[in-house]
Asker: 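Below is the structure I would like to discuss, written out as structure tokens.
Along the sequence shown, residues are numbered consecutively beginning with 1. Source: prediction; values computed, not measured.
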Amino acid sequence: MASEKSRVLVLGGTGYLGKRLVKASLCQGHPTYVLQRPENCMDINKIQLLLRLKKHGAKFIEGSLSDHESLVRAVKQVDVVISALSSSDISTTATKLQLKIVAAIKDAGNVKRFIPAEFCIDPARHVHDLEPAKTLNVRMMDVRQAIVEANIPYTSIAANCFAGYFVPNLCQLGSLLPPKDNKVSIFGDGNAKAIFVDENDIATYTIKTIDDPRTINKTLHLMPPENIRSQNELISIWEKLTGKKYERSTISSIDYLAIMNGADAIIQFGITHNYPIFYEGGYLKSFELKEGDKEATKLYPDVKYTTIEEYLKRYA
């Protein structure tokens, strides 16, 4: 007899990644719940999205991140909690919300797995990045430490680079669409390798972990082999798909960091977050899986992930 699927609660279920996590959870047969927060009751876009998720089979649990007791009641109704709340808030708000979730899970005492809101390059490897990215990575590690101290079973997802933010625009700043003219900026020499992952695949791999004992208290790295590419390779793939030829101009590390001068906090975060991806040989230059790390495509070879070529064809 097949084991019963874990019940899943997604916090931030109407967000960019959250809605994909809800759909992936439903697709994999899990009873899936979305936290319906009173502070969103006047947001028509979120209400409409909630109704669409309900049509797919999602159920709602009322609760507020600012009401500890209501959050505990919500958590007690499920086996797995996934936080898809934004972790890139420059203020301390995101960290405080994550710690509130940790406190509620600890008090509920029933959760078999918690997936914290990381979904980025592994913060454990980037606590020495430039500011303000460094501070955000340190805060995510503070949350991870709180999870460990609370003795909550967890899995961290190192999703690397969301394809939607890096692939269609060929890593260009200021737009998420392919360049309209035939000019592109190259960061460094353009040969540093990065890992680009389709957001739907991020959701699929995440849900795969929740009943898998191999991933408990581990970090799952999403490293699809065909998607480990350099910026130059991205551009060449796009050129082949479209028949266009792009004029490439190089941006030095000094000029790249100078973009932060006078920029708002979000831009500064983006620049410093992306710096180790494109410069100094890239963050994969000396990357090795450590004890406690798992790699998604090896654990779940049945998942057919979206390749860079397939992703770019949507825009061609």
Asker: Count I, L, V, M, F, W, Y as connected when their side-chain heavy atoms are under 4.5 Å apart, and connections chain through other members. Are Val138 and Tyr283 then in the same cluster?
Answerer: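 No, it is not one cluster - the side chains of Val138 and Tyr283 are not joined through contacts under 4.5 Å.
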
Asker: Can you check whether Thr306 reaches Asn200 side chain to side chain, under 4.5 Å on heavy atoms?
Answerer: no

Asker: Give, for atom CG of Leu50 and atom NZ of Lys19, the distance between the pair rounded to the nearest 0.5 Å.
Answerer: 12.0 Å

Asker: Locate the shortest heavy-atom distance separating Asn232 from Asn191; write the atom from each residue and the value.
Answerer: ND2-OD1, 2.9 Å

Asker: With the side chain counted from C-beta on, respond yes when Gln231 and Gln172 share a heavy-atom pair under 4.5 Å apart, and no when they do not.
Answerer: yes

Asker: Suppose we screen for salt bridge (Lys or Arg N to Asp or Glu O under 4.0 Å). Which residues come up paired with Glu310, at least two apart in sequence or across chains?
Answerer: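 So Glu310 forms a salt bridge (Lys or Arg N to Asp or Glu O under 4.0 Å) with Lys304.
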
Asker: Do Ile254 and Phe278 land in one hydrophobic cluster if side-chain heavy atoms of ILVMFWY residues count as linked below 4.5 Å?
Answerer: no

Asker: Within a radius of less than 6.0 Å around CD1 of Ile44, do more than 12 heavy atoms belonging to other residues, nucleotides or ligands occur?
Answerer: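 Yes, CD1 of Ile44 has more than 12 neighbouring heavy atoms, counting only those of other groups under 6.0 Å.
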
Asker: In terms of hydrophobic clustering (I, L, V, M, F, W, Y; side-chain heavy atoms under 4.5 Å; direct or indirect links), are Val72 and Phe60 co-clustered?
Answerer: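 They do not share one cluster, since no chain of ILVMFWY contacts under 4.5 Å joins Val72 to Phe60.
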
Asker: Could you grab the distance from atom CD1 of Ile157 to atom OG1 of Thr215, nearest 0.5 Å is fine?
Answerer: 7.5 Å

Asker: Closest heavy-atom contact between Val78 and Asn110?
Answerer: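 Minimum heavy-atom separation between Val78 and Asn110: O-ND2, 2.7 Å.
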
Asker: Kindly say whether Ala158 contributes a backbone atom to a donor-acceptor pair with the side chain of His221 at under 3.5 angstrom?
Answerer: no

Asker: Please find the pair of heavy atoms, one from Cys161 and one from Ala194, that lie closest to each other, and give the distance.
Answerer: SG-CB, 4.4 Å

Asker: Side chain of Thr272, backbone of Ala133: donor and acceptor closer than 3.5 Å?
Answerer: yes

Asker: Could you check whether Arg7 pairs with Asp79 (Lys NZ or Arg NE/NH1/NH2 to Asp/Glu carboxylate O, under 4.0 Å)?
Answerer: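 A salt bridge links Arg7 with Asp79.
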
Asker: Is there side-chain contact between Asn227 and Asn160, with heavy atoms separated by less than 4.5 Å?
Answerer: no

Asker: Going by atom types alone, do Thr209 and Arg113 pair a side-chain donor with an acceptor below 3.5 Å?
Answerer: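 Short answer, no.
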
Asker: Should the pair Arg248 and Tyr246 be classed as cation-pi, given the thresholds of under 6.0 Å to the six-membered ring centre and 45° from the axis?
Answerer: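 No - Arg248 does not lie over the ring of Tyr246 by the 6.0 Å and 45° rule.
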
Asker: Would you call Asp212 and Lys218 a salt bridge, taking side-chain N to carboxylate O under 4.0 Å as the test?
Answerer: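 Salt bridge absent between Asp212 and Lys218.
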
Asker: One pair to check against side chain to side chain contact (heavy atoms under 4.5 Å, CB included): Thr93 and Lys96. What are the steps and the verdict?
Answerer: CA-CA 5 Å; Thr93 302; Lys96 290 177 180 177; 5.8 Å; no

Asker: Between Tyr16 and Tyr165, is the ring centroid distance below 6.0 Å?
Answerer: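 Ring-ring flag for Tyr16/Tyr165: true, centres closer than 6.0 Å.
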
Asker: Below 4.5 Å, heavy atoms only, C-beta onward: do Leu299 and Tyr205 meet side chain to side chain?
Answerer: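 Not in contact.
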
Asker: Classify the side-chain pair Glu131/Thr135 by whether it contains a donor and acceptor separated by less than 3.5 Å.
Answerer: yes

Asker: Please confirm whether the backbone N or O of Ala263 pairs with a side-chain atom of Gln268, one donor and one acceptor, at under 3.5 Å?
Answerer: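 Answer holds: yes.
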
Asker: Mind checking the CG-OH spacing from Leu130 to Tyr279? Nearest 0.5 Å is all I need.
Answerer: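 It is 12.0 Å, given to the nearest 0.5 Å.
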
Asker: Which distance, rounded to the nearest 0.5 Å, do you find between the OG1 of Thr14 and the CG of Leu51?
Answerer: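 Nearest 0.5 Å value for the OG1-CG distance: 11.5 Å.
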
Asker: Would you mind reporting whether Val148 and Tyr154 have side-chain heavy atoms less than 4.5 Å apart?
Answerer: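 A side-chain contact under 4.5 Å exists here.
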
Asker: Under 4.5 Å between any side-chain heavy atoms of His68 and Asp107, yes or no?
Answerer: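 A side-chain contact exists here, since the closest heavy-atom pair is under 4.5 Å.
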
Asker: Side chain to side chain contact (heavy atoms under 4.5 Å, CB included), that's the test. Do Asn151 and Lys106 meet it? Break it down for me.
Answerer: CA-CA 8 Å; Asn151 200 30; Lys106 180 181 178 181; over 6 Å; no

Asker: Does CD belonging to Glu309 count more than 12 external heavy atoms closer than 6.0 Å?
Answerer: yes

Asker: Apply side chain to side chain contact (heavy atoms under 4.5 Å, CB included) to the pair Ile101 and Leu85, showing each step before the final yes or no.
Answerer: CA-CA 11 Å; Ile101 296 166; Leu85 302 170; 3.7 Å; yes

Asker: Examine distances only and state if a side-chain atom of Ser66 and a backbone atom of Ser64 form a donor-acceptor pair shorter than 3.5 Å.
Answerer: no

Asker: Do the side chains of Lys193 and Glu233 get nearer than 4.5 Å, heavy atoms only?
Answerer: yes

Asker: Report the C-alpha separation of Lys183 and Asp181 in whole Å, then their side-chain angles, then the decisive distance to 0.1 Å, and conclude whether the salt bridge (Lys or Arg N to Asp or Glu O under 4.0 Å) test is met.
Answerer: CA-CA 6 Å; Lys183 296 180 180 180; Asp181 56 24; over 6 Å; no

Asker: So which atom in Ala146 and which in Leu99 form the shortest heavy-atom distance, rounded to 0.1 Å?
Answerer: CB-CD2, 3.7 Å

Asker: Can you tell me how far CD of Glu239 sits from CG of Asn182, rounded to the nearest 0.5 angstrom?
Answerer: 9.0 Å

Asker: Quick one: are Val197 and Pro224 in side-chain contact, heavy atoms under 4.5 Å?
Answerer: yes

Asker: What I want to find out is whether Lys290 reaches Asp122 closely enough, with some N-O distance under 4.0 Å, to be called a salt bridge.
Answerer: no

Asker: Measuring from atom OG1 of Thr155 to atom CD1 of Ile115, what distance do you get when rounded to the nearest 0.5 angstrom?
Answerer: 4.5 Å

Asker: Is it the case that the side chains of Glu295 and Thr297 hold a donor-acceptor pair, with the cut-off being a distance below 3.5 Å and no angle test?
Answerer: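 Yes, because at least one side-chain N or O of Thr297 sits under 3.5 Å from a partner of the opposite role on Glu295.
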
Asker: Determine, step by step, whether Ile271 and Leu173 satisfy the side chain to side chain contact (heavy atoms under 4.5 Å, CB included) criterion, reporting the C-alpha distance in whole Å, the side-chain angles of both residues, the deciding distance to 0.1 Å, and the verdict.
Answerer: CA-CA 9 Å; Ile271 293 296; Leu173 301 174; 4.3 Å; yes

Asker: Specify the closest pair of heavy atoms between Ser6 and Pro31, including all atoms of both residues, with the distance to one decimal.
Answerer: O-CD, 3.6 Å

Asker: Is atom NZ of Lys244 surrounded by more than 12 heavy atoms (other residues, nucleotides or ligands) closer than 6.0 Å?
Answerer: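 Buried by this count: over 12 neighbours within 6.0 Å.
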
Asker: Please report the shortest heavy-atom distance between Asn217 and Ile152, naming the atom on each side.
Answerer: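 Asn217 and Ile152 have their closest heavy atoms at OD1-O, 3.9 Å.
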
Asker: Side-chain heavy atoms nearer than 4.5 Å, only ILVMFWY residues, links allowed to pass through others: does that put Ile210 and Val303 together?
Answerer: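 Yes; tracing contacts between hydrophobic side chains, which count when under 4.5 Å, links both residues.
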
Asker: Could you list the residues that satisfy side chain to side chain contact (heavy atoms under 4.5 Å, CB included) with Ala163, not counting sequence neighbours?
Answerer: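 With neighbours one apart ignored, the set is Val167, Glu199, Tyr311.
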
Asker: Mind checking whether Met223 and Phe162 sit in one hydrophobic cluster, side chains of I, L, V, M, F, W, Y counted as touching below 4.5 Å?
Answerer: yes

Asker: Is a side-chain N or O of Ser25 found less than 3.5 angstrom from the main chain of Leu21, in a donor-acceptor match?
Answerer: no

